[in-house]
*Asks:* 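Pasting a structure below so you can have a look.
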Amino acid sequence: MKHAAVPFLLLLVLACTTRREPTELYQVLSHQASSGEWTLIRVNNEEHTRVQITATCDFYKSGEHEPVEGPKSCNLFVGRTLVPNRLGTRPGDFLDVRQLGDTLFITQGQGSSRVHQQFTVRSEKVIEQ
């Protein structure tokens with residue numbers, strides 16, 4: 001009976017260590033400084049969808065500093081992929097990306113280094129389903 005548990009434990013260890021593709025991620029495609037528009041792609045690997053989001057910045061807030069408002073205040077890096085790490089289950093900073101209606105929230109870091117960015121979604125277009 002003792003040996004029957006060994007294959008089960010081996011499968012359990014392999015299942016816990018297998019690297020899985022993230023369920024959801026956001027790719028920062030472009031930024032137009034003149035209009036303040038950002039273009040992101042939201043990838044949902046469970047639903048196999050890709051949605052192009054065009055948004056403008058509402059505000060940027062770093063730590064305890066006052067928020068900076070306006071379309072030129074946000075700071076994302078074009079080419080960066082944002083993979084939410086809401087529960088801290090992977091190495092790296094806390095990262096939450098959420099969309100509620102026409103508002104997109106990006107929060108990263110902790111304590112005095114936490115950064116909040118808020119965007120108004122201007123358009124969404126399904127580009128793959």
Side-chain angles (χ1 to χ4, degrees):
M1 189 70 157
K2 197 186 246 185
H3 297 290
V6 172
F8 173 75
L9 290 174
L10 182 59
L11 285 174
L12 183 62
V13 168
L14 287 174
C16 291
T17 58
T18 302
R19 197 171 164 97
R20 286 186 247 158
E21 198 172 65
T23 303
E24 180 182 56
L25 58 90
Y26 294 77
Q27 298 168 324
V28 182
L29 287 186
S30 67
H31 175 238
Q32 286 190 321
S34 60
S35 66
E37 280 192 347
W38 294 88
T39 303
L40 300 97
I41 300 290
R42 179 178 61 236
V43 177
N44 185 318
N45 288 314
E46 284 184 350
E47 297 175 3
H48 305 288
T49 59
R50 295 168 55 91
V51 176
Q52 180 175 314
I53 299 169
T54 302
T56 54
C57 181
D58 297 328
F59 73 84
Y60 173 96
K61 182 174 184 336
S62 177
E64 298 301 318
H65 296 93
E66 291 296 315
V68 179
E69 296 181 357
K72 296 182 180 184
S73 59
C74 287
N75 185 21
L76 296 175
F77 295 102
V78 173
R80 181 172 180 208
T81 299
L82 305 169
V83 181
N85 190 18
R86 296 175 183 108
L87 303 176
T89 54
R90 307 184 322 279
D93 277 345
F94 169 85
L95 176 60
D96 187 16
V97 183
R98 294 189 191 263
Q99 184 176 344
L100 299 171
D102 66 348
T103 304
L104 179 69
F105 303 93
I106 300 175
T107 305
Q108 183 172 6
Q110 296 177 332
S112 62
S113 64
R114 179 162 279 189
V115 171
H116 299 279
Q117 298 184 73
Q118 179 178 305
F119 299 82
T120 296
V121 175
R122 300 290 181 206
S123 68
E124 290 182 273
K125 179 172 73 172
V126 176
I127 56 175
E128 184 178 312
Q129 197 165 17

*Asks:* Quick one: side-chain contact (heavy atoms from CB on, under 4.5 Å) partners of Thr49, sequence neighbours excluded?
*Replies:* Asn44, Glu47, Gln129
*Asks:* Holding to side-chain hydrogen bond (donor to acceptor under 3.5 Å, both in side chains), I want the full list of residues that pass it with Gln118, two or more places apart in sequence or in another chain.
*Replies:*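 Asp58.
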*Asks:* Distance check, rounded to the nearest 0.5 Å: Phe94 atom CZ versus Asn85 atom CG?
*Replies:*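 Here the interatomic distance stands at 8.5 Å.
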*Asks:* Output the rest of the hydrophobic cluster of Tyr60: all Ile, Leu, Val, Met, Phe, Trp and Tyr residues reachable through side-chain heavy-atom contacts under 4.5 Å, sorted by chain and number.
*Replies:*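 Once heavy-atom contacts under 4.5 Å are chained together, Tyr60 belongs with Val115.
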*Asks:* Quick check: does any side chain N or O of Gln99 sit under 3.5 Å from a backbone N or O of Gly101, one acting as donor and the other as acceptor?
*Replies:*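 Here the side-chain-to-backbone pair exists.
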*Asks:* For Trp38 and His31, take the angle between the two ring planes, folded into 0 to 90°, and tell me which bin it lands in: parallel under 30, tilted 30 to 60, perpendicular over 60.
*Replies:*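 Taking His31 first and then Trp38, their aromatic rings lie parallel (interplane angle under 30°).
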*Asks:* Not counting sequence neighbours, which residues clear salt bridge (charged side-chain N to carboxylate O under 4.0 Å, His left out) with Glu128? List them please.
*Replies:* Arg50
*Asks:* By salt bridge (charged side-chain N to carboxylate O under 4.0 Å, His left out), which residues pair with Glu69, not counting sequence neighbours?
*Replies:* none
*Asks:* For Gln27, which of Leu40, Thr81, Val78, Val83 qualifies under side-chain contact (heavy atoms from CB on, under 4.5 Å)?
*Replies:*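 Checked Leu40, Thr81, Val78, Val83 against Gln27; only one passes side-chain contact (heavy atoms from CB on, under 4.5 Å): Thr81.
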*Asks:* Which pairs with one or both residues in residues 39-71 pass disulfide bond (SG atoms under 2.5 Å apart), sequence neighbours excluded?
*Replies:* Cys57-Cys74
*Asks:* Under a single-linkage rule joining Ile, Leu, Val, Met, Phe, Trp and Tyr whose side-chain heavy atoms are separated by less than 4.5 Å, which residues share a cluster with Phe105?
*Replies:* Leu100
*Asks:* If hydrophobic clusters are built by linking Ile, Leu, Val, Met, Phe, Trp and Tyr wherever their side-chain heavy atoms come under 4.5 Å apart, do Val28 and Tyr26 end up in the same one?
*Replies:*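 Linked, Val28 and Tyr26 end up in one cluster.
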*Asks:* Step by step, would you call Phe119 with Leu76 a side-chain contact (heavy atoms from CB on, under 4.5 Å)?
*Replies:* CA-CA 11 Å; Phe119 299 82; Leu76 296 175; 3.7 Å; yes
*Asks:* List in chain and number order the residues that pass side-chain contact (heavy atoms from CB on, under 4.5 Å) with Thr56, two or more places apart in sequence or in another chain; answer none if no residue qualifies.
*Replies:* Glu37, Thr120, Arg122
*Asks:* Under the rule for side-chain contact (heavy atoms from CB on, under 4.5 Å), what residues qualify as partners of Val51, not counting sequence neighbours?
*Replies:* Arg42, Ile53, Glu124, Val126
*Asks:* Is it true that atom NZ of Lys61 has more than 12 heavy atoms of other residues, nucleotides or ligands lying nearer than 6.0 Å?
*Replies:*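 Atom NZ in Lys61 is packed in, count exceeds 12.
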*Asks:* Ser30: which residues meet the side-chain contact (heavy atoms from CB on, under 4.5 Å) condition with it, sequence neighbours left out?
*Replies:*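 Testing Ser30 for side-chain contact (heavy atoms from CB on, under 4.5 Å), a comparison that skips the adjacent residues, returns Thr39.
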*Asks:* Quick one: salt bridge (charged side-chain N to carboxylate O under 4.0 Å, His left out) partners of Arg86, sequence neighbours excluded?
*Replies:*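 For Arg86, the residues satisfying salt bridge (charged side-chain N to carboxylate O under 4.0 Å, His left out) (neighbours in sequence not counted) are Glu24, Asp96.
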*Asks:* Could you give me the CA-CA distance, side-chain angles and deciding distance for Leu95 and Ile106, then say whether side-chain contact (heavy atoms from CB on, under 4.5 Å) is met?
*Replies:* CA-CA 7 Å; Leu95 176 60; Ile106 300 175; 4.1 Å; yes
